[in-house]
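Written below as structure tokens is the structure these notes are about.
For the single chain, residues carry numbers from 1 onward in sequence order. Everything numeric here is computed off the predicted structure, so don't read it as measured data.
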Amino acid sequence: MNLYVHFPFCRRKCTYCALHSRAGSSVETRATYVASIAKEIRDLPRETIFETVYFGGGSPALCDLRPIFEALRPRLAGNCEFSVELHPLDVNANTLELLKEGNVNRISMGVQSLDDATLAHMGRGYSFDTAQYAFSLIKNHFDNAGIDLIVGYPLPCDYSRMERLAQWGLVHCSVYSLILEERSILSRKLDSIELPSDDAVLDRIKHISGYLASLGLRRYEISNYAIPGLECRYNMAVWRGEDYIGLGEGAHGRLGLTRTNSGERETVTPEADEKERRIFRLRTIEGLDAANHPEWTRVLDKFTAEHLLAKSGSVYRLTERGTEICDSIMVELV
């Protein structure tokens with residue numbers, strides 16, 4: 001089984017974010033939230049053992065995570081991948097030691113930009129040098145560590161610092177395109193700034209992809225790159241269609257035919273369940289096996305003829321161009 005735990009707490013709301021989050025919550029509020037999550041874990045069936053665990057946010061390290069670690073300890077498989085997202089301002093030796101004691105073995109740090117002006121406009125509260133130092137501390141404690149970057153923020157793109165990533169020791173990097181959400185702070189500032197064009201964003205992603213490849217990071221999913229063998233197992237489990245439990249205010253989950261979203265539950269048909277689990281594999285380097293879905297052949301072959309997919313037997317994989325429109329392909333299949 002796989003587990004995702006959402007922590008909604010943040011120091012402040014980033015300008016691009018429209019996700020569920022709570023800025024400025026009290027220590028007591030966070031402690032109550034942690035106690036609730038710990039209880040939910042203890043109340044799971046005794047046979048529930050986790051192969052992967054992912055703490056996302058928000059900023060999980062704003063909470064005292066020890067009660068959850070204790071609740072999880074007897075439920076972790078011997079080779080469990082245990083990931084925690086960290087904000088650079090959360091990184092210090094004490095926090096990192098606490099995470100190790102809690103059996104965490106993988107860190108994803110949200111850098112988001114390498115440009116100081118962009119970081120300031122985003123409201124991240126740190127500079128590139130601060131992020132670089134924070135990641136060096138992480139690497140002193142965790143070999144399996146990577147970062148997140150956002151592409152398409154509406155400020156000039158400066159690649160001059162990208163070469164410095166070669167010294168970071170990255171084994172993983174997530175590269176996301178900015179999605180402008182109506183409820184974000186950024187959406188209310190667009191009268192004074194302009195978003196880059198789709199072509200400009202794709203050029204930036206191509207540039208970053210090429211540089212990450214030079215560091216040995218292979219693109220194994222549309223937005224994710226890793227040293228071969230160090231792909232995020234939790235993410236791959238979700239994209240391969242495995243079940244996962246979601247706990248916390250903003251968490252999603254999938255158990256059999258049941259889908260959960262922030263506490264709400266929905267039951268899907270067996271047909272819809274099977275299609276959902278299979279289609280998302282198209283996002284990965286493994287590709288989509290359409291052997292049991294002849295009704296998909298026309299659509300998939302059309303995109304193959306346009307060099308957006310590559311076909312090997314019954315398996316279709318995205319080409320580099322195809323990664324740009326994967327969502328459109330998936331919509332046609334649904």
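- Here the straight-line distance linking atom SG of C80 with atom CZ of R106 works out to 12.0 Å at 0.5 Å rounding.
- In this structure, a donor-acceptor pair under 3.5 Å is present between the side chains of E85 and Y54.
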Exercise for the section: Report the C-alpha separation of E286 and V315 in whole Å, then their side-chain angles, then the decisive distance to 0.1 Å, and conclude whether the side-chain contact (heavy atoms from CB on, under 4.5 Å) test is met. Expected result: CA-CA 8 Å; E286 296 173 352; V315 176; over 6 Å; no

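- One side chain, R124 or Y126, offers a donor N or O that lies under 3.5 Å from an acceptor on the other.
- Residues D243 and R277 are paired through a salt bridge, judged by an N-O separation under 4.0 Å between the basic side chain and the carboxylate.
- Between L165 and Y211, some side-chain heavy-atom pair lies under the 4.5 Å cut-off.
- In this model, a donor atom of one side chain and an acceptor atom of the other lie less than 3.5 Å apart for D148 and S108.
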Problem - side-chain contact (heavy atoms from CB on, under 4.5 Å) between R218 and E231, worked out - result: CA-CA 9 Å; R218 175 186 67 166; E231 298 84 359; 2.5 Å; yes

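- A ring-centre distance under 6.0 Å is not found for W168 and Y133.
- Nearest approach of G250 to S262, heavy atoms of both residues: CA-OG, 3.6 Å.
- Between the side chains of D116 and S127, no donor-acceptor pair is found at a separation under 3.5 Å.
- In summary, the side chains of S113 and Y153 do not present any donor paired with an acceptor at a separation below 3.5 Å, with no hydrogens or angles considered.
- In this structure, F280 and L282 have side chains that are not in contact, with every pair of non-hydrogen atoms separated by 4.5 Å or more.
- Side-chain atoms of H6 and E249 include no donor-acceptor pair closer than 3.5 Å.
- Using a 4.0 Å cut-off between a side-chain N of Lys or Arg and a carboxylate O of Asp or Glu, D115 and R161 do not qualify as a salt bridge.
- Comment: R259 does not engage E266 in a salt bridge, judged by the lack of any side-chain N to carboxylate O separation of less than 4.0 angstrom.
- One distance of note links CZ of F135 with CG of L137; it measures 11.0 Å at 0.5 Å rounding.
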Exercise for the section: Test R233 against N79 for side-chain contact (heavy atoms from CB on, under 4.5 Å), laying out the working first. Expected result: CA-CA 11 Å; R233 286 168 47 202; N79 66 339; 4.1 Å; yes

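- Between R278 and E274 there is a salt bridge, since at least one side-chain N of the basic residue sits less than 4.0 Å from a carboxylate O of the acidic one.
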Practice task
Go through N105 and N144 one step at a time and tell me if the side-chain contact (heavy atoms from CB on, under 4.5 Å) criterion holds.
Solution key: CA-CA 7 Å; N105 52 27; N144 193 351; 5.7 Å; no

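- Between L230 atom CG and D143 atom CG the span is 9.0 Å, to the nearest 0.5 Å.
- Checked for salt-bridge contact, R11 and D90 meet the test: a charged N lies under 4.0 Å from a carboxylate O.
- In this structure, E320 does not pair ionically with R219, as no charged nitrogen and carboxylate oxygen lie closer than 4.0 Å.
- In this model, a donor atom of one side chain and an acceptor atom of the other lie less than 3.5 Å apart for H172 and Y220.
- Side-chain contact between D64 and R30: absent, with no pair of heavy atoms (C-beta onward) separated by less than 4.5 Å.
- With rounding to the nearest 0.5 Å, the separation of CD1 in I325 from CG in D327 is 9.5 Å.
- Using a cutoff of 4.0 Å between basic side-chain nitrogens and carboxylate oxygens, E324 and R321 are not scored as salt-bridged.
- A distance of 10.0 Å separates OG1 in T95 from NE2 in H141, rounded to the nearest 0.5 Å.
- Note that OG1 of T284 is 11.5 Å distant from CG of N235, once rounded to the nearest 0.5 Å.
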